[in-house]
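Contents: one structure, followed by commentary.
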Amino acid sequence: MRIYLNGKFVNSHEARVSVFDHGLLYGDGVFEGIRSYDGLVFKLREHIQRLYESAHTLMLKIPMEQAELVNVVKQTLRVNQLRNAYIRLVVTRGEGDLGLDPRKCGRPTVFVIADKIELYPKKLYEEGLALITVATQRNVPEALNPQIKSLNYLNNILAKIEAITAGYEEAIMLSPSGYVTECTGENLFIVKDKQLLTPPPYIGVLRGITRQAVMELGKELRLQVREELLTRHDLFNAQECFLTGTAAEIVPVVKIDGRAIGAGAPGAITKKLQRAFHQLTKTAGIRY
Ligand code: PXG
């Protein structure tokens, strides 16, 4: 496997970063997870733009233009001869010393990994997921805005550990006031009376690229699509619920905190959106 690292392609065993890299020492950096489908990178420009916006808020200057980074991603896929891939793009503050001061880091570290995609089991999509809400609250935007896709994922990892410890695969995280935010690596939607509802970014969620695509598909399917504050009660009494994310795509949710959602099986609108999404992946990408 060839990895892009700071301007060069190197073999994976040579792809090393310093123990003084502030991405490692402090989680000071940003990343993206991107997918390609049959030779098309899905929503590549949107992912690149989100990466640059996350970096801008951190005052982390990515040492190349967006168009150049788009080309690096395409090149990494070509060099590794991958047509269906998972791409991880990482930019860290770079190598510094044993202090937080970002001014000590001379040059950001940039790397791109493209690997075969590990698909989730088919059973997950056919049977749907059972979820629990967890005690670990989602980061508040006033402290560390979840819209920044930073290398600091401990908030999500703590929630994931709670879910796993309780015997579940994924957790629903709430805001400090008890509103639904998102899962540890996916956004959440519910369907109720022809409405497609998802929590608004200001409550503390990542603006998922898949989330955005699904909102647009929902409108095309003549659903009323809205960002709305949701409580656990709203989830329990939804007709359908599903999660969205680059790796997971659209995953039905059939049980939350022991309550069956709708009929307790993947819903009709969820299935329609899954089909529409798969169609979109065949057209909405950038060729490489
Ligand atoms: N919320 C959070 C907190 C995320 O990390 C999403 C939502 C979905 O966003 P996209 O843009 O992918 O629709 C994410 C996704 C993975 C993986 O391998 C995904 C994410 C982070 C780490 C790993 O699926 N982010």
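We count ligands from 1, going down the list as the structure has it; atoms in each ligand are counted the same way.
- Residues His22 and Thr92 are not in side-chain contact: their nearest non-hydrogen atoms beyond the backbone lie 4.5 Å or more apart.
- Close approach of ligand 1 to Phe31 (heavy-atom distance below 4.0 Å) involves ligand atoms 21 (C), 22 (C).
- Distances between N or O atoms of Thr246 and those of ligand 1 include at least one value under 3.5 Å.
- With respect to Lys122 and Glu126, a salt bridge is recorded, a charged nitrogen being found less than 4.0 Å from a carboxylate O.
- Between Lys149 and Glu32 there is no salt bridge, since no side-chain N of the basic residue sits under 4.0 Å from a carboxylate O of the acidic one.
- Protein heavy atom closest to atom 13 (O) of ligand 1, with residue, atom name and distance, is Thr210 OG1, 2.6 Å.
- Between the side chains of His278 and Glu249, at least one donor N or O lies within less than 3.5 Å of an accepting N or O.
- Looking at heavy atoms from C-beta onward, Leu144 lies out of side-chain contact with Asn155 at the 4.5 angstrom threshold.
- Note that SG of Cys183 is 10.5 Å distant from CZ of Arg138, once rounded to the nearest 0.5 Å.
- Counting protein heavy atoms only, atom 14 (C) of ligand 1 is closest to Gly185 O, 3.2 Å.
- Phe111 contributes atom CZ, which lies 10.5 Å from atom CZ of Phe31 (distance to the nearest 0.5 angstrom).
- Here Arg35 has no heavy atoms under 4.0 Å from ligand 1, in either its backbone or its side chain.
- Here the heavy atom of the protein found nearest to atom 23 (C) of ligand 1 is Arg88 NH2, 3.6 Å.
- In terms of protein heavy atoms, atom 9 (O) of ligand 1 is closest to Gly208 CA, 3.5 Å.
- Only the side chain of Asn156 comes within contact range of ligand 1, with a heavy atom under 4.0 Å; no backbone atom does.
- In this structure, the protein non-hydrogen atom closest to atom 24 (O) of ligand 1 is Ala247 CB, 3.0 Å.
- Of all protein heavy atoms, the one closest to atom 17 (C) of ligand 1 is Tyr86 OH, 3.5 Å.
- Checked by distance only, ligand 1 and Ile209 come closer than 3.5 Å through their nitrogen or oxygen atoms.
- Side-chain contact between Thr109 and Arg93 is absent, with no heavy-atom pair separated by less than 4.5 Å.
- Any N or O atom pair closer than 3.5 Å counts here, and Arg50 shares at least one such pair with ligand 1.
- For ligand 1, the polar-atom distance check finds an N/O of Lys149 within less than 3.5 Å of one of the ligand's N/O atoms.
- Cluster note: Tyr120 groups with Leu124, Tyr125, Leu129, Leu131, Ile172, Leu174, Val180, Leu188, Ile190, Leu197, Leu230, Leu235, Phe236, Leu243, Val251, Val253, Ile256, Ile261 through ILVMFWY side-chain heavy atoms spaced under 4.5 Å, whether in direct contact or through intervening members.
- Closest protein heavy atom to atom 1 (N) of ligand 1: Glu182 OE1, 2.7 Å.
- With ligand atoms numbered from 1 in the order given, ligand 1 contributes 7 (C), 8 (C) to contacts under 4.0 Å with heavy atoms of Asn187.
- Inspection of the Thr231 and Asp234 side chains reveals an N or O donor paired with an N or O acceptor under 3.5 Å.
- Nearest protein neighbour of atom 5 (O) of ligand 1, counting heavy atoms only, is Tyr153 OH, 2.5 Å.
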